[in-house]
Undergrad: 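Mind looking over this structure? Questions follow.
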Amino acid sequence: MTAFHYHRGTLFVEGVDVHSIAEQYGTPCYVYSRAALIAAYDGYRAALADRDALICYAVKANANLAILSLFARLGSGFDIVSGGELARVLAAGGQPGTVVFSGVGKRVEEIRAALTAGIYCFNVESEAELARIEDIAHALNARAPIAIRVNPDIDAGTHPYISTGLKRNKFGIPLPQAEALYRRIHSSPHLEIKGIACHIGSQLLDPAPAAEAAARIADLANRLCAAGIRLQHLDLGGGLGISYRDEHAPSPVEFMRPILAAIAGRTEKLLIEPGRSLVGAAGMLLSRVEYLKFGAERDFAIVDAAMNDLMRPALYDAYHDIIPGHRRSDPAREFDIVGPVCESGDFLGLARPLAIAAGDLLAVTSAGAYGMAMSSNYNSRPRAAEVMVDGSLTHLVRERETIAQLFANEHSLPY
Ligand SMILES: *Cc1c(COP(=O)(O)O)cnc(C)c1O
């Protein structure tokens, strides 16, 4: 039995009917399956069984504390990109010694907080950032643990907005410059070399570019070792894609096989930073049809979720399957599934054949990654609730925002 399935025409998440979730918690609402999260994590554990490895969940994919604490309990480390994410990981019980800190724009206070917390490693993305970290470590009389995120100049073959390993992207340090920088780190009393990092992009369905990147990292590791520079780990980033439609997404075992082959013989600990592939398939966005509207050219199902809840269709033209809360036997019609936001880009899916009526529930599937995490309050819409299902239990893991919270930090002019 998969985490999301139909029983007598009704959609269930594990043992719970989505109608009872909608009734208890309202819509729109993100619903996650705890079993599916654990299964995804176990997929990586199986892929890395023969290797000294640490899975560092990329927090930005979904930063809910319930998800972070679940992964922390499973033994996961974390890949963070801000001080806010560090605070979340610590609040969820994550171990600072398992945290790697990526991102091109680390601020002074964020670096200080991470050093003070004792994170495992900074993934440094520029020479200027390295100098800043060195200064802060000096001032704190500490030694900052460092990996250089190299940009291997590899086309990941994914959407340009989520490709990160090309020369023209803002991420990482060009491979040819890395060696000189490692020598500089090696000679600094306030910096400690931990490893090499890279991350070439997201929603990868073919491991070949990632394996090529791994080969280039292994090559750099060879050269550094020859120069007497010792490494504790190789961090090969995240990026494994999931199936949104009918694409074949490789399992972690399939995806990691050529990557592991590319670093065969290297004995450093392996770090990986999966985000989407740990949480994407484990979540859906549950929404209710407010109106059906039959137009001159197209028919619309206007639902209570919108682009502010799930931005991926508007941002990347992403496809998500949209399935009914209960199956009707009426003939299907094609609907554009749209939200109430005042933008023509506010759609969750276009031309979807569905048999639905006003008041029905619709589930946008594969929405566990970069869904709630990218949500906003556009149009003064409170963020959705989040619910975790565990067998026949449901847990409210984030309360629906209230209208009052939307402007609680604002001030009217006093005159
Ligand atoms: C976003 C990101 C990840 C996770 O990417 P996924 O495609 O979600 O697996 C990992 N590492 C870094 C540095 C990232 O920016």
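Any value given below was found using the heavy atoms of this structure, including those in side chains, with hydrogens, waters and symmetry copies removed. Each ligand, and each atom within it, is numbered from 1 in the order the structure gives.
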Undergrad: Is the ring pair Tyr57/Phe78 parallel, tilted or perpendicular, if the boundaries are 30 and 60 degrees?
TA: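 Taking Phe78 first and then Tyr57, their aromatic rings stand perpendicular (interplane angle over 60°).
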
Undergrad: Run the numbers for me: atoms of ligand 1, each under 4.0 Å from some heavy atom of Ser102, listed by number.
TA: 13 (C)

Undergrad: Please work out whether any backbone atom (N, CA, C, O) or any side-chain heavy atom from C-beta onward of Tyr370 is under 4.0 Å from ligand 1, and answer side chain, backbone, both or neither.
TA: side chain

Undergrad: Hey, which atoms in ligand 1 end up nearer than 4.0 Å to a heavy atom of Gly275?
TA: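 Under 4.0 Å from Gly275, ligand 1 has these atoms: 4 (C), 6 (P), 8 (O), 9 (O).
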
Undergrad: Out of all atoms in ligand 1, which are within 4.0 Å of some heavy atom of Pro274? Include the element for each.
TA: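 Within the 4.0 Å cut-off of Pro274, ligand 1 contributes 9 (O).
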
Undergrad: If the cut-off is 4.0 Å to any non-hydrogen atom of Ala58, which atoms of ligand 1 fall inside it?
TA: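 The atoms of ligand 1 under 4.0 Å from a heavy atom of Ala58 are 3 (C), 4 (C), 10 (C).
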
Undergrad: How does His199 reach ligand 1, by side chain, by backbone, by both or by neither, if only non-hydrogen atoms under 4.0 Å count?
TA: side chain

Undergrad: Counting only heavy atoms, which portion of Ala61 has something under 4.0 Å from ligand 1: side chain, backbone, both, or neither?
TA: neither

Undergrad: Judged by modelled atom types alone, do His320 and Arg312 share a side-chain donor-acceptor pair under 3.5 Å?
TA: yes

Undergrad: Quick one: look up the protein heavy atom nearest atom 11 (N) of ligand 1 and list residue, atom name and how far away it is.
TA: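 Result: Glu273 OE1, 2.6 Å.
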
Undergrad: For the residue pair Leu271 and Cys121, establish whether any side-chain heavy-atom pair is separated by less than 4.5 Å.
TA: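 A side-chain contact under 4.5 Å is absent here.
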
Undergrad: Do Thr365 and Tyr244 have side-chain N/O donor and acceptor atoms under 3.5 Å apart?
TA: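 Distance-only check fails for Thr365 and Tyr244.
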
Undergrad: In ligand 1, which numbered atoms sit nearer than 4.0 Å to a non-hydrogen atom of Arg276?
TA: 6 (P), 8 (O), 9 (O)

Undergrad: So do the side chains of Glu334 and Arg298 get within less than 4.5 Å of each other, counting heavy atoms only?
TA: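 When only atoms from C-beta onward are counted, Arg298 and Glu334 do not touch, as no gap falls below 4.5 Å.
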
Undergrad: Would you mind telling me if ligand 1 is within reach of the side chain of Asp79, the backbone, both or neither, using heavy atoms under 4.0 Å?
TA: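 Side chain only; the backbone of Asp79 stays clear of ligand 1.
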
Undergrad: Is Pro209 close to Ile200 at the side-chain level, that is, under 4.5 Å between some pair of heavy atoms?
TA: yes

Undergrad: Donor-acceptor pair, distance only, cut-off 3.5 Å: does the side chain of Asp346 make one with the backbone of Val341?
TA: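 Confirmed, Asp346 side chain pairs with Val341 backbone.
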
Undergrad: Does a side chain donor of either Asn64 or Tyr32 reach within less than 3.5 Å of an acceptor in the other side chain?
TA: no

Undergrad: Looking at ligand 1, does Gly239 have a heavy atom less than 4.0 Å from it?
TA: yes

Undergrad: Which atoms of ligand 1 have any heavy atom of Arg149 under 4.0 Å away?
TA: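 This gives 13 (C) as the contact atoms.
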
Undergrad: Is it the case that His233 and Tyr120 place a side-chain donor and acceptor less than 3.5 Å from each other?
TA: yes

Undergrad: Among all the protein's non-hydrogen atoms, which is closest to atom 7 (O) of ligand 1, and how far away is it?
TA: Ser202 OG, 2.3 Å

Undergrad: Hey, is Ser277 one of the residues with a heavy atom under 4.0 angstrom from ligand 1?
TA: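 False for this residue.
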
Undergrad: Among protein heavy atoms, which sits nearest to atom 14 (C) of ligand 1, and what does the distance come to when rounded to 0.1 Å?
TA: Lys60 NZ, 2.8 Å

Undergrad: How about Leu315 and Met374: do any of their side-chain heavy atoms sit closer than 4.5 Å?
TA: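 A side-chain contact under 4.5 Å exists here.
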
